[in-house]
Amino acid sequence: MRYLRYAFLAVLGIVLISVSLANREAVELTLIPSAIADLLGFNFSASLPLFVVVLGGIVAGLVIGFLWEWLREHKHRRDATASKGEVRKLEREVKKLKKAQNEGQDEVLALLDEAS
């Protein structure tokens, strides 16, 4: 499985490098459309290679998707944490009750009672 993963990553790297080499032309990115920029009097623009724009868009989409999913699952993580706390509390209570029940008994019988 490890070799399969390495092979996949190698193929992915080759594809990304070939796409990057094929799309080296510079493109002009502007912050806002030119009609609105004329009204406001300013416009930020940058000239970047096309592959930087494409790969940057993919990375930005992945980051936004991961963040969105992490925020969406917050409720489930909170519930799981609360459940773990409740389980620990109940385990301590059971242990305390078994200790109180086995008080005054022979140690061997108490150990056998706890095991069952």
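As the structure is a computational prediction, the values presented were derived from the model and not from experiment.
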**Message:** Using 0.5 Å steps for rounding, measure from the CG atom of L48 to the CD atom of E25.
**Reply:** 13.5 Å
**Prompt:** Any idea which heavy atoms bring F51 and V19 closest together, and the distance?
**Reply:** CB-O, 4.5 Å
**Request:** Give the cluster check for L71 versus F66: same hydrophobic cluster or not, with ILVMFWY residues linked at side-chain heavy-atom distances below 4.5 Å.
**Result:** no
**Message:** Same cluster or not: F42 versus F44, using hydrophobic residues (I, L, V, M, F, W, Y) connected whenever any side-chain heavy atoms lie under 4.5 Å apart?
**Reply:** yes
**Fill in**
Taken to the nearest 0.5 Å, the spacing of L16 CG from L21 CG works out to 11.0 Å
**Asked** Given the rule that I, L, V, M, F, W and Y join up when any side-chain heavy atoms are under 4.5 Å apart, are L62 and V15 in one cluster?
**Response** no
**Fill in**
Output for pair (K96 NZ, E93 CD), nearest 0.5 Å, gives 6.5 Å
**Request:** Identify, with sequence neighbours excluded, every residue that meets side-chain hydrogen bond (donor to acceptor under 3.5 Å, both in side chains) alongside R72.
**Result:** E69
**Item:** Same apolar cluster (I L V M F W Y, side chains within < 4.5 Å links), L12/Y3
**Value:** no
**Fill in**
CG (L9) and CD1 (I14) are apart, to the nearest 0.5 Å, by 11.0 Å
**Complete:** One should read off an interatomic distance between K75 NZ and R77 CZ, to the nearest 0.5 angstrom, of 12.0 Å
**Item:** Distance-minimising heavy-atom pair for N43 and L31
**Value:** OD1-N, 3.5 Å
**Message:** Run the side chain to side chain contact (heavy atoms under 4.5 Å, CB included) test against K89 and tell me which residues pass, sequence neighbours left out.
**Reply:** E86, R92
**Item:** Heavy-atom side-chain contact between N23 and V54 under 4.5 Å
**Value:** no
**Message:** Please enumerate all residues that pass side-chain hydrogen bond (donor to acceptor under 3.5 Å, both in side chains) together with E28, with sequence neighbours excluded.
**Reply:** S45
**Complete:** Value for CE (M1) from OH (Y6), rounded to nearest 0.5 Å, stands at 13.0 Å
